[in-house]
Amino acid sequence: MARNLAEIEALFEQPFFDLLYEAHSVHRQHFDPADIQISTLLSIKTGGCPEDCGYCPQSRRHTTGVEDEPLLTTAEVVEAAKAAKARGASRFCMGAAWRGPKDADVRAVAEMVRAVSALGLETCATLGMLREGQAEKLADAGLDYYNHNIDTSRTHYGQVIHTREFEDRLATLSRVRKAGLKVCCGGIVGMGESRRDRAGLIAELSAMDPPPESVPINLLVRVKGTPLADQPSLEPLEFVRTIAIARVCLPASRVRLSAGREEMSDELQALCFFAGANSLFAGDKLLTTPNPAAAADSALFKALGLRALVA
Ligand code: SAM
Ligand code: DTB
Ligand code: SF4
C-alpha cells in the first residue's frame with residue numbers, strides 16, 4: 001500500500017523492534033523468508049561516462065582509476081552468464097556506463113539479451129536513459145527487467161547529480177513500463193542524505209503504480225576520487241531500518257541488499273534479511289568494486305538456512 005512521506009517518517013521513528021516485527025510479519029505474508037533471489041552483475045561497458053553522479057567511479061569527470069573500455073562482445077557476456085548460472089544466479093544484470101544507449105548500442109545489447117535468455121537466466125539491463133522506442137526493442141529481444149534507480153529523494157537528487165534531473169529518471173521508468181518490462185528501481189543510502197530523504201526515496205518508490213518488482217537498496221561504496229569518497233558511514237541500524245521500511249511499504253517487491261555488503265558483518269546482513277531483504281548481488285565484483293566472495297556467501301546462507309531461488 002502506498003504510504004505518504006509523513007507516514008514513512010513515522011515508521012522511521014518507531015522503536016527498532018516494533019519496526020522489525022512489523023517488517024518481518026509483512027515479509028512472511030508475501031514470501032518464504034528462506035528464499036533469496038540471486039542476481040549477478042556484469043559491466044558490459046565500463047567507464048568513461050559523461051554523467052557526473054557523485055557516487056560513481058565510472059564518471060569520466062572523476063579520477064578513480066576506472067578506464068574507459070569498449071563494449072564487451074556477446075561471446076564474453078555469454079561466458080560470464082554461464083559462470084553466474086553455475087554459481088546459482090537466477091538473474092543476470094548487464095550494466096553500461098552510458099548516459100543512455102545509441103540505437104546501435106540497443107541492437108548490440110539486444111543480441112546479448114537473446115543469448116543470455118537462451119541459457120535459461122532472467123535478464124536485466126541498466127543502460128541509462130532510454131529514448132522512445134528503445135525499451136520496446138529490448139523487450140522484443142526478451143529482456144525481463146530494466147534497472148533504473150531514482151537513487152535518492154527528489155529533494156536530495158540535485159546535491160548528487162547535476163547532469164540530469166529526477167524527472168528524466170521517471171520518464172525512462174515510464175517508457176520501460178509502457179514496453180511491458182519489469183522494473184528494477186531503488187536507490188543509494190549513506191550519501192549524506194537526511195532521514196527525511198531516505199523516507200522520501202521510499203515514498204517515491206511506493207507511489208509508483210505498479211511499484212517496482214525489484215528494489216535495490218545500495219549502501220554507498222565510497223570510492224576514492226569520487227566527490228562522495230569521504231562521506232561518514234551510515235549508522236548500521238539506520239540501514240536496517242531503511243530495509244525494513246522498504247519491506248513494509250513495498251510488501252510484494254523483492255528488496256535487494258545491494259552494493260555495500262563488503263563492509264557489512266554477517267550479523268548486519270542477517271538483520272537485513274530478517275527485516276525483509278530477499279535478494280542480493282552475488283559474485284566477486286559488482287560493476288567495478290568488490291563484493292563478498294562466493295565462499296563467504298555460501299557460509300552465510302548455510303548459517304541462516306537460506307536458499308537461492310531457482311530461475
Ligand atoms: N549508467 C546507468 C545509470 O546510471 O542508470 C547504469 C549503470 S549505473 C552504475 C547503475 C547504478 O549503480 C546507479 O544508478 C547507482 O544506483 C549504482 N551505483 C553506482 N555507483 C555506486 C556506488 N559507489 N555505491 C552504490 N551504488 C552505486
Ligand atoms: C544497483 O542498484 N546496484 C548495482 C546495479 N543496480 C547496477 C550497481 C552497484 C554499483 C556499485 C559500484 C560499482 O561497482 O561500480
Ligand atoms: Fe554514468 Fe550511471 Fe555512473 Fe551516473 S551512475 S556516472 S550515469 S555509469
Side-chain angles (χ1 to χ4, degrees), residues 39-62 64-69 71 91-101 105 109 123-130 145-152 156-157 160-166 168-173 175-176 183-193 201 205 212 214-231 233-234 239 246 253-264 277 279-292:
S39 289
T40 291
L41 285 164
L42 177 68
S43 180
I44 59 167
K45 158 70 190 88
T46 302
C49 185
E51 302 274 67
D52 77 344
C53 313
Y55 45 76
C56 187
Q58 302 200 71
S59 166
R60 69 171 176 231
R61 299 161 193 251
H62 312 146
T64 61
V66 174
E67 304 279 340
D68 185 354
E69 291 171 21
L71 183 64
R91 192 178 309 163
F92 191 68
C93 179
M94 294 160 270
W98 289 321
R99 173 172 166 85
D105 297 328
V109 175
T123 52
C124 179
T126 181
L127 315 174
M129 292 184 279
L130 297 180
Y145 289 81
Y146 195 80
N147 165 257
H148 201 64
N149 291 338
I150 55 170
D151 281 333
T152 188
H156 193 63
Y157 200 80
V160 181
I161 299 150
H162 314 95
T163 49
R164 56 169 189 263
E165 314 249 317
F166 193 85
D168 297 327
R169 297 303 267 186
L170 299 182
T172 288
L173 287 164
R175 288 185 181 129
V176 166
V183 170
C184 173
C185 181
I188 310 177
V189 295
M191 299 197 292
E193 75 287 342
L201 165 67
L205 296 169
S214 215
V215 178
I217 304 292
N218 296 276
L219 177 65
L220 175 69
V221 179
R222 291 167 291 180
V223 180
K224 201 162 167 264
T226 62
L228 294 178
D230 298 321
Q231 272 302 317
S233 57
L234 185 71
F239 184 77
S253 305
R254 285 249 161 222
V255 174
R256 182 171 310 119
L257 183 53
S258 304
R261 288 201 300 123
E262 186 75 339
E263 276 198 29
M264 295 178 199
S279 171
L280 52 75
F281 288 123
D284 299 349
K285 216 159 59 157
L286 292 163
L287 289 171
T288 66
T289 64
N291 194 45

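Atoms considered below: every heavy atom in the structure, side chains included; atoms not considered: hydrogens, waters and symmetry mates. Indexing begins at 1, ligand by ligand and atom by atom, following the structure's order.
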Enumerated ligand 1 atoms positioned under 4.0 Å from heavy atoms of A259: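 In order of numbering, the contacting atoms are 25 (C).
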
Give me the residue, atom name and distance of the protein heavy atom closest to [atom].
| atom | value |
| --- | --- |
| atom 6 (N) of ligand 2 | N147 OD1, 3.6 Å |
| atom 4 (C) of ligand 2 | F281 CE1, 3.7 Å |
| atom 24 (N) of ligand 1 | V221 N, 3.0 Å |
| atom 10 (C) of ligand 1 | T126 OG1, 4.1 Å |
| atom 21 (C) of ligand 1 | Y55 CD1, 3.7 Å |

List every atom of ligand 2 that sits less than 4.0 Å from any heavy atom of [X], numbering the atoms from 1 in the order shown and giving each element.
| X | result |
| --- | --- |
| T288 | 13 (C), 14 (O), 15 (O) |
| L41 | 4 (C), 5 (C), 7 (C) |
| T126 | 7 (C) |
| P216 | 2 (O) |
| N149 | 1 (C), 2 (O) |

Which of the atoms in ligand 3, numbered in the order shown and given with their element, are less than 4.0 Å from a heavy-atom of [X]?
| X | result |
| --- | --- |
| E51 | 1 (Fe), 4 (Fe), 6 (S), 7 (S) |
| A97 | 8 (S) |
| Y55 | 5 (S) |

Report yes or no: does a heavy atom of G95 sit under 4.0 Å from some atom of ligand 1?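 So G95 does not count as touching ligand 1.
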
Is the closest protein non-hydrogen atom to atom 4 (Fe) of ligand 3 under 4.0 Å?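 There is a protein heavy atom less than 4.0 Å from atom 4 (Fe) of ligand 3.
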
Within 4.0 Å of atom 12 (O) of ligand 1 (strictly less), any protein heavy atom?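 Protein heavy atoms within 4.0 Å of atom 12 (O) of ligand 1 - there are none.
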
Of the backbone atoms (N, CA, C, O) and the side-chain heavy atoms from C-beta on, which set of R164 has a member under 4.0 Å from an atom of ligand 3: side chain, backbone, both, or neither?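 Near ligand 3, R164 shows its side chain, while the N, CA, C and O stay back.
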
Determine, using heavy atoms of Y55 and all atoms of ligand 2, whether some pair is separated by less than 4.0 Å.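 Checking ligand 2 against Y55, which is what was asked, there is no heavy-atom contact under 4.0 Å.
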
For ligand 2, is P57 a contact, meaning one of its heavy atoms is under 4.0 Å away?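 P57 counts as a contact of ligand 2 under the 4.0 Å cut-off.
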
Heavy-atom contacts under 4.0 Å between [X] and ligand 1: side chain, backbone, both, or neither?
| X | answer |
| --- | --- |
| I188 | side chain |
| R169 | side chain |
| L287 | side chain |
| A96 | backbone |

Are the side chains of V160 and D151 in touch, meaning some heavy atoms are under 4.5 Å apart?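 They are not in contact (no side-chain heavy atoms under 4.5 Å apart), so the answer is no.
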
Check M264 against A259 and note the closest heavy-atom contact, atom names and distance.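 Scanning both residues, the minimum pair turns out to be CE-O, 4.4 Å.
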
Nitrogen or oxygen of [X] less than 3.5 angstrom from that of ligand 2:
| X | value |
| --- | --- |
| S258 | no |
| L287 | yes |
| T289 | yes |

Please check whether V223 reaches ligand 1 - meaning an N/O of the residue sits under 3.5 Å from an N/O of the ligand, judged on distance alone.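 For ligand 1, there is no N or O atom that lies under 3.5 Å from one belonging to V223.
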
If the cut-off is 2.8 Å, does any N/O/S atom of C56 fall short of it from atom 3 (Fe) of ligand 3?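 It does: C56 brings an N, O or S atom closer than 2.8 Å to atom 3 (Fe) of ligand 3.
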
Could you check whether K45 pairs with D68 (Lys NZ or Arg NE/NH1/NH2 to Asp/Glu carboxylate O, under 4.0 Å)?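 Here K45 pairs with D68 in a salt bridge, since their nearest N and O are under 4.0 Å apart.
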
